[in-house]
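The next block holds one structure in the form of structure tokens; read it before the comments.
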Amino acid sequence: MKKILKQIIFISLISFHFFQTEKVQAIIPYYYFPSLKNLENQSLNIGKNAYQLLYFGQYEDSLNLAKLAIKINSKNEKLWLILAEAQIANKQYKNALNSLDKAEKINSDISEIYFAKSNIYLKISQQTNAKSALEKGLKIEPNNHKAIFQLGNILLMEKNYSEAIKFFDKSIKIKPDFWQAINNKGLAYFETNNIKLSIKLFESAISIQENAEPLLGLASCVRTNDTKLAIQLAKKALAKDPKYVNYDYRKEQLWGEKLQASTEILLQNEKLKQAVIMAKSKIIK
């Protein structure tokens, strides 16, 4: 009896042990711990989504996603660049510069870092820093026509017209159909009183793309010699982009004082009165 009792107790203990083990396993959840590589891939996917949102104008959502991507993976310079772009879109310029500094520490051989810095410096009116950042970027990517063009624009702001024209020429040499550089070359020549060359350049820009800026620039050039053509061109320009009726907006587009003065006289023409009123009403809306 004692032996049988011992056997019963032993079997009971074994049964209890297995029962308890199964119970414990049943209440402990199973966790999946992703590898470092999986986390990095996930962060890049989030970064791509953030960039897409940025492209579609969803700036705040883009910023939140970019921040999440960085939290997952702070060692990828591309993610810092995306975060900086999102911060720029949300006008967080100081934060954007900090993000670009982080990207630069990880990899200092990426030209986009310096071009993005230059963009921010221009927005906060630090032209010297903007120029320096562009020059650093161009050492890495010397044939970037947009960066060369931007250097020309800074020189245009500084009223260094001869040097600005040289950079616009370099940009056009790399990309012959870059109408913006052709147009801005026309802006520079107008300020040096070379109106004939400005006319040719504005016409050339228009032949590539009939944009409001060269249309109005050309109108201002020919207003004294061909008023009828000037009015036609001005009407077409204001219809395409009403913002060009505004002096301050044209200044933002780097129009010099002489071209501004000529344009103001043109826009006061009685035959343009209705077009000017219409353009101004569209800006208010």
Legend entry - Ile88 and Lys123, any side-chain heavy atoms less than 4.5 Å apart: yes
Inset, instruction - Give the C-alpha distance, both sets of side-chain angles, the deciding distance and a yes or no for side-chain contact (heavy atoms from CB on, under 4.5 Å) between Ile174 and Asn144. - result: CA-CA 8 Å; Ile174 296 166; Asn144 187 303; over 6 Å; no
Legend entry - Gln126 side chain to Asn129 side chain, donor-acceptor N/O pair below 3.5 angstrom: yes
Legend entry - Close aromatic pair by centroid cut-off 6.0 Å: Phe178 and Phe149: yes
Inset, instruction - Look at the side chain of Ser281 and the backbone N and O of Met278, then say whether any donor-acceptor pair between them is shorter than 3.5 Å. - result: yes
Legend entry - Single-linkage hydrophobic cluster, 4.5 Å side-chain cutoff, Leu259 and Ile199 together: yes
Inset, instruction - Search all heavy atoms of Ser62 against all heavy atoms of Leu54 and return the closest pair with its distance. - result: OG-CB, 3.5 Å
Inset, instruction - Measure from NZ or CZ of Lys243 to the centre of the six-membered ring of Tyr249, then state whether that distance is under 6.0 Å and the direction lies within 45° of the axis. - result: yes
Inset, instruction - Would you name the heavy atoms of Glu257 and Glu191 that are closest together and state the gap between them? - result: N-OE1, 3.4 Å
Legend entry - Salt-bridge present (Lys236, Glu210; N to O < 4.0 Å): yes
Legend entry - Main-chain N/O of Leu216 paired with Ser220 side-chain donor or acceptor, under 3.5 Å: yes
Legend entry - Working for side-chain contact (heavy atoms from CB on, under 4.5 Å), residues Leu134 and Tyr114: CA-CA 6 Å; Leu134 280 170; Tyr114 306 103; over 6 Å; no
Legend entry - Asp177/Lys175 ion pair, N-O < 4.0 Å: yes
Inset, instruction - Calculate, to the nearest 0.5 Å, the distance between atoms CD and SG belonging to Glu203 and Cys221 respectively. - result: 9.0 Å
Legend entry - Cluster link Leu79 to Leu63, ILVMFWY, side chain under 4.5 Å: yes
Legend entry - Inter-residue atom distance Ile120.CD1 - Gln92.CD, 0.5 Å rounding: 11.0 Å
Inset, instruction - Kindly indicate whether the side chain of Leu238, heavy atoms from C-beta on, has any atom under 4.5 Å from the side chain of Lys282. - result: no
Legend entry - Residue pair Asn107 / Ile113, side-chain heavy-atom distance below 4.5 Å: no
Inset, instruction - Would you check if there is a donor-acceptor pair between the side chains of Lys251 and Asn246 at a distance under 3.5 Å? - result: no
Legend entry - Spacing of CG belonging to Leu156 relative to CZ belonging to Phe167, to within rounding of 0.5 Å: 13.0 Å
Inset, instruction - Search all heavy atoms of Phe115 against all heavy atoms of Ala147 and return the closest pair with its distance. - result: CE2-CB, 3.4 Å
Inset, instruction - Following the transitive rule for hydrophobic clusters with a side-chain heavy-atom cut-off under 4.5 Å over Ile, Leu, Val, Met, Phe, Trp and Tyr, establish whether Leu97 and Ile154 coincide in one cluster. - result: no
Inset, instruction - Could you walk me through whether Trp80 and Glu104 pass side chain to side chain donor-acceptor pair (under 3.5 Å), step by step? - result: CA-CA 9 Å; Trp80 283 110; Glu104 187 179 350; over 6 Å; no
Legend entry - Hphob cluster co-occupancy, Leu44 + Leu81, side-chain heavy atoms under 4.5 angstrom: no
Legend entry - Whether Arg250 side chain and Tyr244 backbone form a donor-acceptor pair below 3.5 Å: yes
Inset, instruction - Show your reasoning for whether side-chain contact (heavy atoms from CB on, under 4.5 Å) applies to Lys273 and Glu270. - result: CA-CA 5 Å; Lys273 185 177 180 180; Glu270 190 64 27; 3.5 Å; yes
Inset, instruction - Would you name the heavy atoms of Ala212 and Asp241 that are closest together and state the gap between them? - result: CB-CB, 3.6 Å
Legend entry - Check: Tyr121 and Lys131 side chains under 4.5 Å, non-hydrogen atoms: no
Legend entry - Ile140 side, atom CD1; Glu112 side, atom CD - distance, nearest 0.5 Å: 9.0 Å
Inset, instruction - Return yes if a side-chain donor-acceptor contact under 3.5 Å exists between Asn183 and Gln180, otherwise no. - result: no
Legend entry - Polar side-chain atom of Asn90 near backbone of Ala86 as donor-acceptor pair, under 3.5 Å: yes
Legend entry - CD (Gln209) with more than 12 external heavy atoms under 6.0 Å: yes
Legend entry - From Asp248 atom CG to Gln260 atom CD, the distance as rounded to the nearest 0.5 Å: 8.5 Å
Inset, instruction - Indicate yes or no: at least one non-hydrogen side-chain atom of Phe202 is less than 4.5 angstrom from one of Leu187. - result: yes
Inset, instruction - Answer yes or no: is there a side-chain heavy-atom contact under 4.5 Å between Ile106 and Asn76? - result: no
Inset, instruction - Report yes or no: does Ser118 contribute a side-chain atom to a donor-acceptor pair with the main-chain N or O of Ala133 at less than 3.5 Å? - result: no
Legend entry - Residue pair Gly186 / Ser198: nearest heavy atoms and the distance that separates them: O-OG, 2.8 Å
Legend entry - Shortest non-hydrogen contact between Ser111 and Gly137, atoms and distance: CB-O, 3.6 Å
Inset, instruction - Report yes or no: does Ser99 contribute a side-chain atom to a donor-acceptor pair with the main-chain N or O of Asn95 at less than 3.5 Å? - result: yes
Inset, instruction - Give a yes-or-no answer on whether the side chains of Gln150 and Asn153 include a donor-acceptor pair shorter than 3.5 Å. - result: yes
Legend entry - Heavy-atom check, side chain of Asn193 versus side chain of Lys258, under 4.5 Å: yes
Inset, instruction - Would you check if the side chain of Ser171 reaches a backbone N or O of His145 as a donor-acceptor pair within less than 3.5 Å? - result: yes
Legend entry - Lys166/Glu163 salt bridge by N-O under 4.0 Å criterion: yes
Legend entry - side-chain contact (heavy atoms from CB on, under 4.5 Å) assessment of Tyr93 paired with Lys91: CA-CA 5 Å; Tyr93 301 130; Lys91 298 182 179 180; 3.6 Å; yes
Inset, instruction - Check whether any side-chain heavy atom of Ile277 sits under 4.5 Å from a side-chain heavy atom of Lys280, and report yes or no. - result: no
Inset, instruction - Kindly compute the distance separating OH (Tyr51) from CG (Leu65), expressed to the nearest 0.5 Å. - result: 15.0 Å
Legend entry - Any donor-acceptor N/O pair, Thr227 side chain to Arg223 backbone, under 3.5 Å: yes
Inset, instruction - Check whether Leu229 and Ile206 end up in the same hydrophobic cluster, where Ile, Leu, Val, Met, Phe, Trp and Tyr are linked by side-chain heavy atoms less than 4.5 Å apart. - result: yes
